[in-house]
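What follows is a single structure, and I will ask about it in a moment.
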Amino acid sequence: MTNVVIRRLIPGNANGLVYRLMPQARLFLRLITVPIYPNHASLQSSCFASASKPTSSADVKDADFFPLNKRISHLIRTGRIEQAREAFDKMKQRNIVTWNSMINGYVKRREMAKARKLFDEMPERDVVSWNLMISGYISCRGSRYVEEGRMLFDRMPVRDCVSWNTMISGYAKNGRMVEALKLFDSMPERSVVSWNAMVTGFLQNGDVVRAIEFFERIPQRDGASLSALVSGLIQNGELDEAARIVHECGKRDEGMEDLVHAYNTLIAGYGQRGRVGEARRLFDQIPYCHEMGKEDSRRFERNIVSWNSMIMCYVKTGNIVCARELFDQMIERDTFSWNTMISGYVHMSDMEEAANLFCRMPNPDTLSWNSMILGYAQLGRLKLAHDFFERMPQKSLVSWNSMIAGCEKNEDFIGAVKLFSQMQLEGEKPDRHTLSSVLSVSTGLVDLHLGMQIHQLVTKTVVADSPINNSLITMYSRCGAIKEAQTVFDEMKLQKDVISWNAMIGGYASHGFAAEALELFNLMKTLKVRPTYITFIAVLNACAHAGLVEEGRSQFKSMISEFGIEPRIEHYASLVDIIGRHGHLEEAKDLIISMPFKPDKAVWGALLGACRVHNNVKLAKVAAEALTSLEPESSAPYVLLYNMYADAGLWDEAAAVRSLMDENKITKHSAYSRVNSSHC
DNA sequence: GTAGGGTTAG
């Protein structure tokens, strides 16, 4: 995509291959020769000097409060919000900075109700108090919060550059670039941050052309501008190009302000692609100074984000040992560091160590709690997950989603439905994750009514992407509404992926519409959508339902020869069914013997079913015995065999089956109750 | 003490 953009930016570019590297090189050579301008902070303060000046009460000997203020901000930085609040409450006198620090603590944790309460109680506010609140609102998800931020922005008596930038990046993050641009254009004075926010916004919203256009116009580009661009390039798959540019800048613009931003972004980029070795080399290239004093943005050295990004790389690639090693070496850790480590252990299903860190962590935030919930839910430990869920101080959408998904995955469908309605009662709006889980719940419960309600919610509230539509297809077809499944499938148009095709072909197959299933399969191949092993399970099932023996055989062969897909036991089961039902019982038995798997109950079940159809009592006995050894408590094989003997007038044999059932304490009834209880 | 880089979900 970037290539396309760059080609468009540079005239006279006709040959994509030739230009793949050249134009980029030209473009970026320009950017790395840009002179370094004076620190933007000094520029800003001169523009907005009057706005940022604290009001009267702050004149009361700031130094007297300073040690305590510093302590509060340190507690907040290290995640100990409750201790910070304790210290705050105990202070006899507070100045604006005290209040702001406390508000900042809540804002960072997205606890906006608490932040707002303090903000409203403040005896007087300065521009930072307002900015903090705005930044808090816009960092919360959802346009409702952006509007809340905008209301404060409009109400505040004096705005500074930070107020504008906060608001711009808020719009940009929420994909509202028109509004972002409007503010950007009407700003009294821009800083490099305003420009960077716009670049990031355009890139996040897929407008690479304008991102580059803006980037080139930035009067004093810094490491964060570069980082914004690098992040966009990485998202567009141009990781190596991004790395080249960062290295060039590192060499040419020694002392470039905030260069570490770009390095950190690149480390994260390597991590995303699993190139952890290169990430580590980059990390080691950043000088490291043990003094954690006042940060100087011009000094190029590792900061806490570098450490966290590197730890993240290890976590993403499953290397928890190296992640832990770095984590233990850190001097100062923030909530990010702890959360990254916890989520790492959660991914390794090591809940013991995750819990260990969770307990040691100074003040777990919503994300920490969410990770724990997720971890327990994924392992099926729903009770524990629920305990955490109930005890967490503030639930987020992710908390609800993790709980609901956990219930769904562990087939506690009723629990999932309860949570879903509780969440709505508590005013939390479901998103695509929620709806996708609840759709699977409808499928699990075979509850068409619920499924249709969720479909309505999908239509009203989210832009349905492929996974959601695929869940809809599956839901409708499992609930017997094949027409509705087909409508969703047809409306997906170009959005269809292989899962959509599989779901629809499988839907037709299970409803006995073999012709439709095979027709769709042919269309899929014509459109060059590569089938998967799941496609072939559906195709073979369609053949089985329709008794298409030759078609089934040839599909099985083409799966191997044409698509190189190794047949799995499910494919064999289907083929046994196809061949057996057609009366080729010996061939079916030989297939079972020759297949490279230990036959499972589906395979023997297919043979037994075929024997029943063709009255082959001798082979039925073999299949039934195999089945009972696999599932000793199941009555089905006994009953089927009994009926076959009875039908053939073989009463002695029938009686023998009956007494074997008694001997093994098998009742027909117990089989039914077992099936029913699994649905409760 | 505030804005631009790094965390959780199908």
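Hydrogens, waters and symmetry mates are skipped; everything else that's a heavy atom, side chains included, is used. Bear in mind the structure is a predicted one, so any value in this text is a computation, not a measurement.
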According to a strict under-4.0 Å criterion, is Asn104(A) in side-chain N/O contact with OP1 or OP2 of dT2(B)?
yes
Does the plane of the ring in Phe388(A) sit parallel, tilted or perpendicular to the ring in Tyr376(A)? Use 30° and 60° as the thresholds.
tilted
Among dT7(B), dG5(B), dA9(B), the nucleotide that comes nearest once only the side chain of Val398(A) is considered
dA9(B)
CE of Met312(A) versus C1' of dT8(B): gap in Å, rounded?
9 Å
How many whole angstroms separate atom CD1 of Ile72(A) from atom P of dT2(B)?
14 Å
When you check the phosphate oxygens OP1 and OP2 of dA9(B), does a side-chain N or O of His347(A) lie under 4.0 Å from one of them?
yes
Does dT7(B) have OP1 or OP2 sitting under 4.0 Å from an N or O in the side chain of Lys316(A)?
yes
When you check the gap from the basic side-chain N to the acidic O, do Arg221(A) and Glu257(A) get nearer than 4.0 Å?
no
Candidates dA9(B), dT8(B), dG4(B) - which lies nearest the side chain of Asn401(A)
dA9(B)
For atom CG of Leu183(A) and atom C1' of dG4(B), their distance in whole Å
16 Å
What is the distance, rounded to the nearest whole Å, between atom CZ of Arg77(A) and atom P of dT2(B)?
9 Å
Please report the distance, rounded to the nearest Å, between CZ in Arg190(A) and C1' in dA3(B).
16 Å
From dG4(B), dT7(B), dA3(B), nucleotide with atom closest to Ala224(A) side chain:
dG4(B)
Shortest side-chain distance from Val193(A), nucleotide among dT8(B), dA3(B), dG10(B)
dA3(B)
Relative to the ring of Phe214(A), is the ring of Trp195(A) parallel (under 30°), tilted (30 to 60°) or perpendicular (over 60°)?
tilted
Would you mind classifying the nucleic acid contact of Ser436(A) as base, sugar-phosphate or nothing, using non-hydrogen atoms under 4.0 angstrom?
nothing
Assign Val260(A) to base, sugar-phosphate, or nothing according to its heavy-atom contacts below 4.0 angstrom with the strands shown.
base
Is the shortest side-chain N/O distance from Lys173(A) to OP1 or OP2 of dG4(B) below 4.0 Å?
yes
Any base atoms under 4.0 Å from Leu374(A), or only sugar-phosphate, or nothing? Heavy atoms, all strands.
sugar-phosphate
Touch class at under 4.0 angstrom, heavy-atom based, for Asp465(A) against every strand present
base
So, does Arg190(A) use its side chain to make a donor-acceptor pair with the main chain of Met187(A) at under 3.5 Å?
no
Rounded to the Å, how far apart are Phe215(A) CZ and dG4(B) C1'?
13 Å
Give the nucleotide from the list dA9(B), dT8(B), dA3(B) with an atom nearest to the side chain of Ser135(A).
dA3(B)
Is Asp365(A) touching bases, backbone alone, or none of the nucleic acid, heavy atoms closer than 4.0 Å?
nothing
Quick check for you: among dT7(B), dG10(B), dA3(B), whose closest atom lies nearest to any side-chain atom of Phe336(A)?
dT7(B)
Side-chain donor/acceptor of Asp222(A) to base of dG4(B), under 3.5 Å:
yes
Looking only at the side chain of Asn131(A) (C-beta and beyond, no hydrogens), which of the listed nucleotides dG4(B), dT2(B), dG10(B) gets closest?
dT2(B)
Cut-off 3.5 Å, side chains only: do Asn69(A) and Asn95(A) have a donor facing an acceptor?
yes
By nearest atom, which of the nucleotides dT7(B), dG5(B), dT2(B) is closest to the Thr340(A) side chain?
dT7(B)
Distance, rounded to the nearest Å, where Leu229(A) contributes CG and dG5(B) contributes P:
14 Å
Should the heavy atoms of other residues, nucleotides or ligands under 6.0 Å from NZ of Lys395(A) be counted, would the total exceed 12?
yes
Here the distance between atom P of dA3(B) and atom CE of Met133(A), to the nearest Å, is 14 Å
